[in-house]
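Here the structure is laid out as structure tokens; the discussion comes afterwards.
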There are 2 protein chains.
Amino acid sequence: MDVFSQHGFRGSTLDQIAKAAGLSKPNLLYYFPSKVAIHRELIDGLMQTWLDPLRKMQADGEPVEEILAYVLRKLEMAREYPRESRLFANEIVQGAPNIMDKIEGELKELVDEKAEVIENWITAGRIAPVDPYHLIFSIWATTQHYADFDAQIRGILHPEGDSHFEAARAHLDTLFRRMLTP
Amino acid sequence: MDVFSQHGFRGSTLDQIAKAAGLSKPNLLYYFPSKVAIHRELIDGLMQTWLDPLRKMQADGEPVEEILAYVLRKLEMAREYPRESRLFANEIVQGAPNIMDKIEGELKELVDEKAEVIENWITAGRIAPVDPYHLIFSIWATTQHYADFDAQIRGILHPEGDSHFEAARAHLDTLFRRMLTP
DNA sequence: CGCAGGTTTGACCATTTGGTCAAGAGAACC
DNA sequence: GGTTCTCTTGACCAAATGGTCAAACCTGCG
């Protein structure tokens, strides 16, 4: 995870991975059949963790709070699992060659479902009208940005550790609360 | 640009680049001394174009409209120059090894300057209070997302060509207008 | 034409890299 | 102790890759 998330698939070598795992290269290939297999395993494990917060957005909750809770959970994930976020980002930026099936399947299904939930909230006048898909994209973009573009953010803010995440939390809370409150 | 933006630095080969440029490999290396030199040249040229829209955000304009114009210009760039955006994204996700100096120099300077402009607008009560840095991060995140995560967005929306950009424009306009209107 | 400049390329090289293999440790069970 | 099964590794291989070089190919000019 360390190696792939930092260098991308092509940029990572088996030697690097083996060293990071404390194994010799042949030993690594004793547990995994190939480099792509290691990568696939990481991505597969990731997909579930990644979609979980969105799954937890319940139609029967208080709409604004449900969505806000999703935003904050996603931000928390960007802080806790930046490597996972970057692994994912690397993959998508390069055209998602290995996970397009998951995107068009599992992910699209879930997003379609939640978009309908949001649509219903709008119809019921419980949140302000928004394009549910683009709302979700905005949530992904703003939260994952803190993991994926970490290098840039640190280069500008020079924060101590993760201290800037509190300001990020407050900012995103305000941003989406204002957007959604009817 | 095609090759580097799609595969990242390590993932691109001189053969690929030469072929895309319609040159033989030795001929390519007749014009550029090395692979890194090609990459550096692309990134250098990019940096200016990239910062330009932010530079154009003028302190003496109407605050909300100035910021909104910046958002839309940035979104327009994501549509017009997705390769450039992805080249940049690839670089930052991997820790910005080649451009950290520019980020901590040129970029930070400009952002600090504009953050102060925004701060002054807030003090004058002309826009709602926000953390100017995180506002800028949100703008970068939401707009570049349409270029960097293009594969994901297309996998979910299946738009015809760039047809989804109009909805994106409307969505981001609403999002930031609500955020900023006092 | 001859020749001097820049331009283009096939062949080549050293290194890196994904992956194999046979042989050697350990552990477990008889 | 011996045997078997799992685990580990040094040595090796073929392909890919960044880069070199000498020779060939223009193109303009006297």
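Everything numeric here is computed off the predicted structure, so don't read it as measured data. Below, chains carry the letters A, B, ... as their sequence lines are ordered, and counting in each starts from 1.
- Remark on DNA chain D: of its neighbouring residues Pro26(B) and Asp15(B), the 5'-side contact belongs to Asp15(B), judged by nearest-heavy-atom nucleotide.
- Ring-plane geometry between Tyr133(B) and Phe137(B) is classed as tilted, the angle between the planes lying from 30 to 60 degrees on a 0 to 90 degree scale.
- Separating the NZ atom of Lys19(A) from the P atom of dT17(C) is a distance of 13 Å, rounded to the nearest angstrom.
- Of the possible donor and acceptor atoms, none in the side chain of Lys114(A) sits under 3.5 Å from a partner among the backbone N and O of Pro132(A).
- Dashed line: the shortest gap from a side-chain N or O of Asn27(A) to OP1 or OP2 of dT9(D) is under 4.0 Å.
- Closest to the Leu29(B) side chain, of the nucleotides dG18(D), dT20(D), dG18(C), is dT20(D).
- His39(B) places its NE2 atom 17 Å from the C1' atom of dT17(D), with the value rounded to the nearest Å.
- For the pair Phe4(A) CZ and dT17(C) C1', the interatomic distance rounds to 13 Å; values are reported in whole Å.
- Heavy-atom nearest nucleotides on DNA chain D were determined for Arg10(A) and for Tyr30(A), and the one closer to the 5' end corresponds to Tyr30(A).
- When the shell of 6.0 Å around CZ of Arg40(A) is examined, it contains 12 or fewer heavy atoms from other residues, nucleotides or ligands.
- Contact of Lys25(A) with dG18(C) (side chain to base): a donor-acceptor pair of N or O atoms is detected under 3.5 Å.
- When the C1' atom of dG18(C) is taken as reference, atom CG of Leu28(A) falls 11 Å away, rounded to whole Å.
- Atom CG in Leu14(A) sits about 6 Å away from atom P in dG19(C), given to the nearest Å.
- Looking at Asn90(B) and Gln94(A), their side chains do bring a donor and an acceptor atom within 3.5 Å of each other.
- Across all strands, Tyr31(A) comes closer than 4.0 Å only to sugar-phosphate atoms, never to a base (heavy-atom distances).
- At whole-Å resolution of the value, CG in Leu23(A) and P in dG10(D) are 12 Å apart.
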